Trainee: 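Take this structure, written in structure tokens, and hold onto it; I'll ask about it next.
Only a predicted model underlies this, so the values are computations on that prediction, with no experimental measurement involved. In what follows, chains are A, B, ... by sequence order, proteins preceding strands, each numbered from 1.
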Amino acid sequence: MNITEKILASHCGKKEVAAGEFILADVDIALGNDITAPLAIEEIEKLKAKSLPHPEKIVLVADHFTPNKDKESANQCLKVKNFAKKYNVKNFFELGCGGIEHALLPEEGFIMPGNLIIGADSHTCSYGALGAFATGVGSTDLAFAMLSGKIWLKVPESMKFVYHGKLNDWVTSKDLILYTIGDIGVDGADYKAMEFEGEVIRKLSVDGRLTMCNMAIEAGGKSGIIAPDKITLDYIKQFKVPKGKVGIFESDKDAKYANVKEYDVGKIEPQVAFPHLPSNTKGVSEAKNINLDQVVIGSCTNGRLEDLRIAAKILKGKKVHANTRTIIIPATQKIYLQALKEGLMEIFINAGAVVSPPTCGPCIGGHMGVLAKDEKCLATTNRNFIGRMGDKESEVYLGSPAVAAASAVKGRIAHPEEVASRKKKL
Amino acid sequence: MIIKGKVHKFGDNINTDEIIPAPYLVTTDMKELGKHCMEGIDASFAKKVQQGDIIVAGKNFGCGSSREHAPLAILGCGISLVIAGSFARIFYRNCINVGLPILTSGEIHKNTRSGDILEVDLLKGEIKNITQNKSFQVSAFPPLLQEIIKAGGLMKWYSLNKQLESRK
Ligand code: SF4
């Protein structure tokens, strides 16, 4: 069996499961946010449930339209807050104590290797970075999981992606995943688990691994996963009292895969996904004369500490271009505070960038940086669909924090090398 | 579970905006949504459907947004089964969760015409085209999902199990 099959088998009381099989599995953590939880809450209220069996396994995060952007979003958040109080859900993260869900849950120790996590949000697949099975579902699934502690799942086929060689300067995990999606297309991994392997993956930090697994859904994947190793175990050591059971699984040598793809990363330069699909990727050197009205560094893909450090390295002592509004969004309060202590915020503000509180905000065209007609933006987010960040006639390009920071300085899409000296390379 | 009905045929990549256009998302009432089912492609579709009819479609049926209103609209207008070459993943889940039976088969799409009468045994995966006198075998509908569908969707299945448990 491969790692995904092993985790799923361990959650439905079976010795073995095979791709294609339907199972009813135990959920370790069920996640909802200010957009998707309200619908699930209505379902639960319809049934007049008096209590929930495992409120400690539920995590609710108000992150999409917070700080509340209008009356409607305020009411949605209030609904979630009242529900949490009524049903004793202690893990409700409101403005001020949380941040973007997919950065927050690993940071708070909710994700342990071998766990099964479902979330009513498509980027729930991020948590595979810690060797967990994690997938996005609908609101009814969330309601059912909150009530019963279970989820029905079809055991997915797996695809293996192996990365060999040595990374070029300024190439990060964001570039690897963009390159991969460019290679297989937005439905290249439809329904499947994407298993990432190889010596390059083994050297990635947990932050970098989260970025890779985060975008599995952009290739149609049901989940992304990286088998746990020393880096994973060192990361979870910070949680003195782990919130879940740790299960260390790895794929057998003879495990079955629908497909195996191998990449020589030495051939990959920093990547940019052109409008309007994440699979529309090119090397940054091919992105000539694309002037930018805005740069956004943040989101559940690239708003973690490692990302902010890279951006600061490039922006230190520089100014962002006069035509390019630059918004930096630390993904959680803890990341914000640490960045402050390390002096990163000072670098950003001196460079003329604005620092936003943790929020999804512009990533879904919600608030805090929405685009006008014909404007172009390079963002470290994960989707560049038509109108994703604002006006239907605006354009979003996706790239890494290094490319984003360099582009902010140049006012057009730029290679980090054009701005930072080689000494400063990653 | 045996389903018998007349076929309404569609092509590839039918998206959720075509199944139920966004302006109608202001309600979650199945019957109301049903009146506008498939309006994005065929404005008179809901009027043509008789209770128990079957939709046969090509690849990637239900792509687009994750709105649960789409399978609700299909159910609400009287469709009893959707057979498609493939389904978009979240749409597939949503169908089961609201209690709409679905089967995956590309062969049926190739070999069926609009107006044909099909008789389908969900449990065995047997499809008979009565009009053309042909039979097909597809992967049977998994027993777990059968149970959920039979109960009328995931939440109803949950309530049912709850009642059974409390009687034990
Ligand atoms: S940052 Fe963007 S992609 Fe991530 S959870 Fe928020 S809206 Fe979704």
Trainee: So, applying side-chain contact (heavy atoms from CB on, under 4.5 Å) with H64(A), which one of S73(A), C363(A), C360(A) is it?
Mentor: C360(A)
Trainee: Decide, yes or no, whether a salt bridge links R67(B) with D17(B) under the criterion of side-chain N to carboxylate O below 4.0 Å.
Mentor: yes
Trainee: Contact part of L147(A) toward chain B, heavy-atom cut-off under 4.5 Å: side chain, backbone, both or neither?
Mentor: both
Trainee: For the side-chain contact (heavy atoms from CB on, under 4.5 Å) test, which of N259(A), I225(A), T4(A) pairs with S158(A)?
Mentor: T4(A)
Trainee: Measuring heavy-atom distances to chain B, does K46(A) have an atom under 4.5 Å in its side chain, in its backbone, in both, or in neither?
Mentor: neither
Trainee: Check step by step if side-chain contact (heavy atoms from CB on, under 4.5 Å) holds for L31(A) and H102(A).
Mentor: CA-CA 10 Å; L31(A) 162 75; H102(A) 307 308; 3.7 Å; yes
Trainee: Using a strict cut-off of less than 4.0 Å between a Lys/Arg side-chain nitrogen and an Asp/Glu carboxylate oxygen, indicate whether D116(B) and K6(B) qualify as a salt bridge.
Mentor: no
Trainee: With a 4.5 angstrom heavy-atom cut-off, which part of L144(B) approaches chain A: side chain, backbone, both or neither?
Mentor: side chain
Trainee: Would you mind checking which part of I23(A) comes under 4.5 Å of any heavy atom in chain B, side chain (CB onward), backbone (N, CA, C, O), both or neither?
Mentor: backbone
Trainee: Quick check on F87(B) against chain A: is it the side chain, the backbone, both or neither that has a heavy atom closer than 4.5 Å?
Mentor: both
